[in-house]
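Nothing here was measured: the structure is a model prediction, and the numbers come from that model.
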Amino acid sequence: MKDIPPRYSPKDNEESIYSRWENSGFFRAVPDSAKKPFTIVIPPPNVTGILHMGHALNNTLQDILIRWKRMQGFASLWVPGTDHAGIATQNVVERSLREKGVSRQELGREKFVEEVWKWREQYGNTIIRQLKRLGASCDWERTRFTMDKGLSDAVLEAFVELYNKGLIYRGNYIINWCPRCQTALSDEEAPHQDVEGKLYHIMYPFKDGKDGVVVATTRPETMLGDVAVAVNPKDRRYKKLIGKKLVLPIIGREIEIIADDFVDKKFGTGAVKVTPAHDPDDFEIAMRHGLEPVRIMRPDGKMNENAAGFIGLDRFEARKLIVKELEEKKLLVKIEKHDHAVGHCYRCHTAVEPYLSLQWFVKMKALAEPAIEAVKSGKIKFYPKRWTKVYLNWMENIRDWCISRQIWWGHRLPVYYCVKCEAVIVSKIAPEKCNKCGSVELKQDEDVLDTWFSSWLWPFSTLGWPEKTKDQEYFYPTSVLITAPEILFFWVARMIMAGMEFKKAIPFSDVYIHGTVRDVSGKKMSKSLGNIIDPLDIIDGFGADALRFSIISITAAGQDVFLSKEKFETGRNFANKIWNASRFVLINLSNFASCPAGQLAKLDRWKDLSIADKWILSRLNRAIDSVTKALDNYRFNEAEGLVYDFFWHDFCDWYVEMVKPEIIGKKEGEAEKILIHVLEDSLKLLHPFMPFVTEAIWQNIKERETIMLSAWPMADKSYVDKKVESEMETVKNIIVNIRNIRSDMNIPYSKKLTVGLVPLKKGSASLGANSAEYIKNLAQLEKLTIDRDFKKPKSCLSAVTEEFNIFIPLEGVIDTALEKARLVKKEDGLKQQIVFIEKKLKDKNFINNAPEEVVSAEKERQSKLKEQIERMESTIKDL
RNA sequence: GGGCUUAUAGCGCAGUUGGUUAGCGCGCUUCCUUGACAUGGAAGAGGUCACAGGUUCGAGUCCUGUUAGGCCCACCA
């Protein structure tokens, strides 16, 4: 007999199991023509990252699919890796340097980048180690980093290819500028946030004469860069004024009133100050009217030399002083409260400044078209479906992508400028001389690329692109992408575009988008809010299996996940339940080594099986089928719930209890074989969800390779038997009824009862010998008589089921009044049901319109209930 | 402004094509340390499925509207 502790200890198992898996190469996937590929690329976490619940959810979902498909015999590849996360990482390293009193600028570019690499060496693998603790079965030998050699080559290749196609261009445009990070951002990197702002109404006086035009603005400091005031040409108020000159207050510059359709007559005063260098719309207006933009800010958000009198002041400081000065000059007409949305840097949350600067862009329209088509045609499907619309809406309104960043950490643009003739050379390899003038004085562009410019290549760059590789041929397109909604535009949409552009093939066929992890009050979990539940704490306290099980159990298809620490008890308890059920099996099996692992030998002894045996096999095969189907449809929590219910409620609560006498008493029967078979299949079904505890038990049963590579069970429908299931329902129902009487009448289990079962109809409700035994054992009976002619004694407790009258003769005192009250209450319940049914059946519309089988089913229920109520009444009368 | 999403037992949530006695987990009540498990077992209590209309023989489920949360997108200064 094995020595198995009565409690499952994750701590004693997880680490050793994981290292055994890893060392044995079980995670490794290689192209294999005998198998079908199943591929997932991990959403690469930032190198700066530490595991949070979002990762835990995301990676558990992926691991479930990967493990499940691996067991199904696929060449199941999960490609791991990390993202260099340009701005985020640069910020982190800068901060740590600052603590040592060193600034990035002091260090210089080269040294700084070296520091970042050092930092990555030291901390960059933290999250990988943490993913391992979660049980992630990634092929770690393939771990990639967006800045490693291969992926950097892919970035250069992509850039040059797009540039040569005319899809990358350089130009002066208004972009989102973060004054703190001092870099350009893409539109996606500057999400809008509602801000309580003010609308300042400012009087711009006419050059000649009194009076003037009142403009409204939320950013008065930008007036220093005004080059015109625009009105709508159809606006009667201003029509006559078009072409008149105004004097820009404070600065004194002369500006003209111009007409532009863009201006909304209804907003503000209907007159708009035009600041082309600091507002995208104004920039457009200025272009249309040939006006020269005036830049008034420096990259750090402080006013520049064009801001006479405010030079060097921070933009918000300048705002205050300008408002004050306008007030003094009596040019401030009024200030209104005005809430509006302002873009904020997604890395440091500073309000971004729309800023005119020279940047690099990707033309997106042409790239978007095939990517839209891929989704519209159904080649790529979103789960849940609703994301399709969000995706298409964004893609159809796509704007060019600003890809240059003024930071140091990232892929440097493969762009070189000739110092002499200013030629622009775009090349993967640094050119030796200018291809126009032959000068050897060349300078590489200082900028680096947006982090997402490497991530959008991830599904194929990780497989070797731009080289032609076997991996790529075999594993691409990948099968499914599992990700969070936050990066749908950043990443998912762009990967589809990149796939279509560079590979002429979709990057994945399915996109599963899971919810956001929130705390109990619905807030997003974040460090700054301090509402984090650390997955590692949970793993330490409850085990990785518990974490995985619990988080999946509350993840309904794509809905947000609300977490609290207590929720992880569910998973821990279940792991322990599995452990103990197995413990029972292992302790009691006489010779479990003789039971063939895995497949139950084709049961040619079907007839010899007890009804419980047949029943559990029927339930098992149903479970296998439904779990597999649920997984096929990415219904993770449903799949998990189905195994849970089967294992706990069918297997543990009923089957194990029913076969205990046979197993413990070493009686003749097949239960032993079936116990081990059902246990093994259950472990397999559970393995993708709870890999550690299932492996631990798998090895306890017998030492062998691993459950990871065992075959996923196949449902055999010949085991599904409705008749057997229905008899078992009857048996369970009788047991529950007797237990109910015990409970209601306070009869302890130590008191053995004698029970008479009176079947109703001839032929029906006959119970096999096994069934009688189950009832005797599980209801703790001394004697059970099944007899249509059973004579009910006077002193007796009763229950009435659909198919039986149950009598429990009890000598001595029975409180008749109490028993009567009890039975009447039960009868009332039945009566309530029949009232409802009869109302339906009296309704002609129902009879005429409802399908035949619905009507007859109702009728059958009516007659059954009626009859049951009659028996109940006569039982009550007999008291 | 546009779009998405949620509202079901005290709490957290399931409920796929409309027909179940509306389920599950936690919590609650009563009982039980029985030879896998008290991280357990047994028996219970608890819901007019947000509101108002509509479609239908029949609605938690479909449609319209209302209310209240949440999220995303958007160049009204």
Looking only at side-chain atoms of A:Val263, point me to the closest of B:A77, B:U39, B:C75.
-> B:A77
Given that A:Lys826 and A:Asn580 both sit by RNA chain B, which one's nearest nucleotide is further toward the 5' end?
-> A:Asn580
Which is true for A:Val736 with a 4.0 Å heavy-atom rule: it touches a base, it touches only sugar-phosphate, or it touches nothing?
-> sugar-phosphate
Candidate nucleotides B:A74, B:G41, B:A77, ranked by approach to the side chain of A:His340 - the nearest | B:A77
Quickly work out the A:Leu781 CG to B:U34 P distance and round it to whole Å.
-> 20 Å
Given the options A:Ile735, A:Val736, A:Ile734, A:Ile738 meets side-chain contact (heavy atoms from CB on, under 4.5 Å) only with A:Ile734
Protein heavy-atom contacts under 4.0 Å, written 5' to 3' over nucleotides 18-24 of chain B as B (base), S (sugar-phosphate only) or - (none), form the string -BSB---
Just by modelled atom types, is the A:Pro748 backbone N or O under 3.5 Å from a matching donor or acceptor in the A:Arg742 side chain?
-> yes
Which atom names give the shortest non-hydrogen contact between A:Met745 and A:Leu818, and what distance separates them?
-> CE-CD2, 3.9 Å
Listed nucleotide nearest any side-chain atom of A:Ala581, set B:A74, B:A42, B:A36 = B:A36
Decide ring pair (Phe, Tyr, Trp, His ring centres under 6.0 Å) for A:Tyr391 and A:Trp387; before the verdict, give the C-alpha distance in whole Å, the side-chain angles of both, and the deciding distance to 0.1 Å.
-> CA-CA 6 Å; A:Tyr391 167 86; A:Trp387 293 105; over 10 Å; no
In whole angstrom, what separates A:Lys266's NZ from B:A77's P?
-> 15 Å
Between the side chains of A:Tyr173 and A:Asp400, does any donor sit under 3.5 Å from an acceptor?
-> no
Measure from NZ on A:Lys825 to P on B:A43 and round the result to the nearest Å.
-> 15 Å
Atom CG of A:Asp843 and atom CD of A:Glu838: how far apart are they, to the nearest 0.5 Å?
-> 13.5 Å
Rounded interatomic separation in angstrom, taking CZ from A:Phe647 and C1' from B:A36 | 10 Å
Reading RNA chain B 5' to 3', how would its secondary structure be written in dot-bracket notation, given Watson-Crick and G-U pairs with both distances under 3.5 Å, brackets [ ] for crossing pairs and | for partners on other strands?
-> (((((((..((((.....[...)))).(((((.......))))).....(((((..]....))))))))))))....
Minimum-distance nucleotide (side-chain atoms of A:Asp843 versus B:C57, B:A77, B:U39) | B:C57
Ignoring the backbone of A:Phe262, work out which of B:A77, B:C37, B:G25 is nearest its side chain.
-> B:A77
Any idea how A:Phe646 and A:Phe651 line up, ring-wise: parallel (<30°), tilted (30 to 60°), or perpendicular (>60°)?
-> parallel
Under 4.0 Å between any heavy atoms, over every strand shown, what does A:Phe267 touch: base, sugar-phosphate, or nothing? Just pick one.
-> base
Just do the ring pair (Phe, Tyr, Trp, His ring centres under 6.0 Å) check on A:Tyr634 and A:Tyr383 with the steps written out, would you?
-> CA-CA 8 Å; A:Tyr634 303 114; A:Tyr383 296 85; 4.8 Å; yes
Which protein N or O atoms sit under 3.5 Å from an N or O of nucleotides 1-10 of chain B?
unit_1	atom_1	unit_2	atom_2	d
B:G3	O3'	A:Lys389	NZ	3.4
B:C4	OP1	A:Lys389	NZ	2.8
B:U6	OP1	A:Gln559	NE2	3.4

Considering only heavy side-chain atoms of A:Asn740, the closest of B:G15, B:G44, B:C75 is B:G44
A:Ile551 CD1 - B:G12 P separation (whole Å) | 18 Å
Are any of the side-chain nitrogens in A:Glu336 or A:Lys198 under 4.0 Å away from the carboxylate oxygens of its partner?
-> no
No-H, no-angle donor-acceptor pair, A:Gln780 side chain to B:A42 base, under 3.5 Å | no
Considering only B:U16, B:G12, B:C75, which nucleotide approaches the side chain of A:Arg635 most closely?
-> B:U16
Looking just at side-chain N and O atoms, do A:Asn176 and A:Asp187 make a donor-acceptor pair shorter than 3.5 Å?
-> yes
Between B:A77, B:C37, B:A43, which one does the side chain of A:Arg583 approach most closely?
-> B:C37
Sugar-phosphate only, base, or nothing, as touched by A:Arg739 at under 4.0 Å among non-hydrogen atoms = sugar-phosphate
Please work out which of the three classes, parallel, tilted or perpendicular, describes the rings of A:Phe574 and A:Phe549, given edges at 30° and 60°.
-> tilted
Do A:Lys826 and A:Asn740 have side-chain N/O donor and acceptor atoms under 3.5 Å apart?
-> yes
Can you tell me how far P of B:C57 sits from CG of A:Asn845, to the nearest Å?
-> 7 Å
With a 4.0 Å cut-off on heavy atoms, is A:Arg7 in touch with a base, just the backbone sugar-phosphate, or nothing at all?
-> base
By nearest nucleotide on RNA chain B, pick out whichever of A:Trp654 and A:Tyr8 is the more 5' one.
-> A:Tyr8
By side-chain hydrogen bond (donor to acceptor under 3.5 Å, both in side chains) - contacts of A:Tyr655 (at least two apart) = A:Asp613
Look for any protein N or O under 3.5 Å of an N or O in nucleotides 59-65 of chain B and output each such pair with its distance, or none.
none

Kindly give the atom pairs (protein nitrogen or oxygen, nucleotide nitrogen or oxygen) under 3.5 Å for nucleotides 28-33 of chain B.
none

Rounded distance in Å - NE2 (A:His278) to P (B:A77) | 18 Å
Side-chain N or O of A:Arg742 closer than 4.0 Å to phosphate OP1/OP2 of B:G41 = no
